[in-house]
**Q** 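Below is one structure. I have some questions about it.
Heads up: numbering here begins at 1 and tracks the sequence.
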Amino acid sequence: MKLSHLRDVVAVAEAGSLRAASRRLGITQPTITRSIRDTENELGVSLFTRHANGVSPTPLGKLFVRRALAIQSELRRAHEELEQAKGNFVGEVSVALSSASGLALMPSILGPFRASYPRALLKLTESLFQPIEHDILTGEIDFYVGPLDEHLSAATLLVEKIFDNKRMVVARKGHPLAHATRLAELRDAQWVRPSFSTQYGEVEFETMFENAGLTEPEVVVHCQSALMTLLAVANSDLLTVLPMQWLDFAPSREGLQTIGLVDSLYAAPICIVRRADVPLTPLAERLCDLTRKAGHNYHRRNLGL
C-alpha cells in the first residue's frame, strides 16, 4: 500500500464523493476510483458505501480512515521536526483552547510566538476537551489548553496543571439579586445553563447547588456558546455561572457583573493536555513552553499566588 492510497481514502471520506475528492486532489475520477478499489482489495473489506448522493465510510472504513489520518499527521510531524531541528522553523502548530484559557493566555502568547517564528502557521480551535480528544490522539491537534481534572485523565495523555480556576455567578448590571452573598439567596432565580465538559469528572452545573444542600436550580435556557450565554444574561434577569476570565473581557464588563458569593463554586483546573507516546515538534514545544509560562504568570497575578 502506498501513501497515495491513504491520501485518497481520507479525501473521499472528507469530501463525501469520488468526484469531489478527485477535484480536491487534482486527479481524475477514474484514478481515484481505481485507488479506492485497490485499497479495498488489499484490505479485503469495503471502505465505503455507495449511495445516490455520493459515498460514506462503512464502520470498518471509519476505523481505517482514523488510522490513515494518524499516519498522515505523524508524517507531517516527522518532516516538520527534521526541518525545525535544522533551525528552519516552518510548519504548523495546532492548538485547542477553551474560551476561558484563550481569554487568560492568548494575549501573552500570540505576540511572542509570532515574533520568534514568523514563518510558522498557528492553527487555533476553541473547544472543551471532550470534542477534540480524538484529534489529540491522532495528532491532528498538538495539545489542548483548558479545564480538565488532571487526576482522571487517560493513560495515553500527559496532563499538566498550569493554574487553578474559579467560577463566578454572573448577572446583568443592576440585577435585583446583585447583593446576594449566599447561593441559597438565589434559589428562586432562573438560570442559563452553559456548556461544561462532563468527561473525567467535571462537576455539573446542578451539582454546585447539591453541594450547597439546595434543590436543583430552575434552568430555562441551555447554551452551547459562552457568547450566547453572555448575551442572554445581559439582556434579562437570568443568572449563569462562568469562569472568571469572562469578566476580565472588556465587552463583558460593560453590561455584566459578578455576584460576590461566599460559597465556593468548583472549577476544574486549567491544564495542558498532550499525547504521552509522541513528543511535540520543536515548534509545538516552544509554544507549549510559552503557554506554561503564561499560565503560571496568570496564576500569580490573578489568584493570589
**Q** Hey, is the main chain of C223 close enough, under 3.5 Å, to the side chain of T229 for a donor-acceptor pair?
**A** no
**Q** Identify whether I71 and L82 are in the same connected component of the hydrophobic contact network (ILVMFWY, side-chain heavy atoms under 4.5 Å).
**A** no
**Q** Without swapping roles, check the side chain of R23 against the backbone of G26 for a donor-acceptor pair under 3.5 Å.
**A** no
**Q** Nearest 0.5 Å, what's the CZ-CG distance between F143 and L157?
**A** 14.0 Å
**Q** Is it the case that more than 12 heavy atoms not belonging to H51 sit under 6.0 Å from its NE2 atom?
**A** yes
**Q** L239 and H175: which non-hydrogen atoms are nearest, and at how many Å?
**A** CD2-NE2, 3.5 Å
**Q** Heavy atoms only: give me the nearest C288-I272 pair and the separation to one decimal.
**A** SG-CG2, 3.8 Å
**Q** How are the rings of F209 and W191 set relative to one another: parallel (under 30°), tilted (30 to 60°) or perpendicular (over 60°)?
**A** perpendicular
**Q** Taking all non-hydrogen atoms of both residues, which atom of P107 and which atom of G102 are closest, and how far apart?
**A** CD-O, 3.8 Å
**Q** Does R24 have more than 12 heavy atoms from other residues, nucleotides or ligands lying within 6.0 Å of its CZ?
**A** yes
**Q** Given 3.5 Å as the limit, does a donor-acceptor pair link the side chain of S101 with the main chain of V145, or not?
**A** yes
**Q** Let me confirm one number: the CZ-CG distance from R7 to L75, rounded to the nearest 0.5 Å.
**A** 13.0 Å
**Q** About how many Å separate CG of L18 and CZ of R34, when rounded to the nearest 0.5 Å?
**A** 12.5 Å
**Q** Is there a path of hydrophobic side-chain contacts, each under 4.5 Å between heavy atoms of I/L/V/M/F/W/Y residues, joining V12 to M1?
**A** yes
**Q** How close do S127 and Y144 get, counting heavy atoms only, and between which atoms?
**A** O-CE1, 3.4 Å
**Q** Has H134 got more than 12 heavy atoms of other residues, nucleotides or ligands less than 6.0 Å from its NE2?
**A** yes
**Q** Hey, are Q245 and N302 close enough side-chain-wise for a donor-acceptor pair under 3.5 Å?
**A** no
**Q** Enter the distance from C271:SG to L158:CG here, rounded to the nearest 0.5 Å.
**A** 12.0 Å
**Q** Are any non-hydrogen side-chain atoms of S46 and L60 less than 4.5 angstrom apart?
**A** no
**Q** Going through the checks in order, is the side-chain contact (heavy atoms from CB on, under 4.5 Å) test met by I136 and R275?
**A** CA-CA 7 Å; I136 291 179; R275 284 174 63 179; 4.0 Å; yes
**Q** Evaluate the side-chain contact (heavy atoms from CB on, under 4.5 Å) criterion for residues L265 and K166: first the C-alpha distance (whole Å), next the side-chain angles of each, then the deciding distance (0.1 Å), finally the verdict.
**A** CA-CA 7 Å; L265 302 182; K166 294 181 181 179; over 6 Å; no
**Q** Does G174 offer a backbone N or O that forms a donor-acceptor pair with the side chain of Q257 under 3.5 Å?
**A** yes
**Q** Scan I27, D8, L6 and name whichever one has a side chain to side chain contact (heavy atoms under 4.5 Å, CB included) with S35.
**A** D8
**Q** Taking NZ, NE, NH1 and NH2 as the nitrogens, is one of them in D289 or R292 under 4.0 Å from a carboxylate oxygen of the other?
**A** yes
**Q** Is T291 close to V95 at the side-chain level, that is, under 4.5 Å between some pair of heavy atoms?
**A** no
**Q** Got more than 12 heavy atoms from elsewhere within 6.0 Å of CZ, R19?
**A** no
**Q** Of the non-hydrogen atoms in F48 and E40, which two are nearest, and what is the gap between them?
**A** N-OE2, 3.4 Å
**Q** Can any side-chain N or O of T138 pair as donor or acceptor with the backbone N or O of D135 at less than 3.5 Å?
**A** yes
**Q** Ignoring hydrogens and angles, tell me if any N or O in the side chain of S108 forms a donor-acceptor pair with the backbone of A294 under 3.5 Å.
**A** no
**Q** Is it possible for you to say whether L227 and M168 belong to one hydrophobic cluster, with membership spreading through side-chain heavy-atom contacts below 4.5 Å?
**A** no
**Q** Assess whether a salt bridge exists between K2 and E42, defined as any Lys/Arg side-chain N lying under 4.0 Å from an Asp/Glu carboxylate O.
**A** no
**Q** Could you go through the side-chain contact (heavy atoms from CB on, under 4.5 Å) check for L242 and L230 one step at a time?
**A** CA-CA 9 Å; L242 286 173; L230 293 174; 3.5 Å; yes
**Q** Start with the C-alpha gap between R274 and D142, add the side-chain angles, then the distance that decides, and say whether salt bridge (Lys or Arg N to Asp or Glu O under 4.0 Å) holds.
**A** CA-CA 7 Å; R274 51 194 277 190; D142 291 297; over 6 Å; no
**Q** Show your working on side-chain contact (heavy atoms from CB on, under 4.5 Å) between R37 and N41 and close with a plain yes or no.
**A** CA-CA 6 Å; R37 185 176 61 247; N41 289 338; 3.7 Å; yes
**Q** Heavy-atom distance under 4.5 Å between the side chains of D237 and Q190, does that happen here?
**A** no
**Q** Taking a hydrophobic cluster as the set of Ile, Leu, Val, Met, Phe, Trp and Tyr residues connected by side-chain heavy atoms closer than 4.5 Å, whether directly or through intermediates, do I36 and L63 fall within one such cluster?
**A** yes
**Q** Report yes or no: do I32 and F64 belong to one cluster of Ile/Leu/Val/Met/Phe/Trp/Tyr joined by side chain heavy-atom distances under 4.5 Å?
**A** yes
**Q** Could you state the interatomic distance from CG (L238) to CZ (R193), rounded to the nearest 0.5 Å?
**A** 15.0 Å
**Q** Just verifying a value: how many Å separate L110 CG and L122 CG, rounded to the nearest 0.5 Å?
**A** 6.5 Å
**Q** Once salt bridge (charged side-chain N to carboxylate O under 4.0 Å, His left out) is applied, what residue pairs with a partner in residues 216-236 remain, sequence neighbours excluded?
**A** none
**Q** Indicate whether the side chain of Q29 and that of T33 have a donor and an acceptor atom separated by less than 3.5 Å.
**A** no
**Q** So which heavy atom on V65 is nearest to which on V9, and how close?
**A** CG2-CG1, 3.8 Å
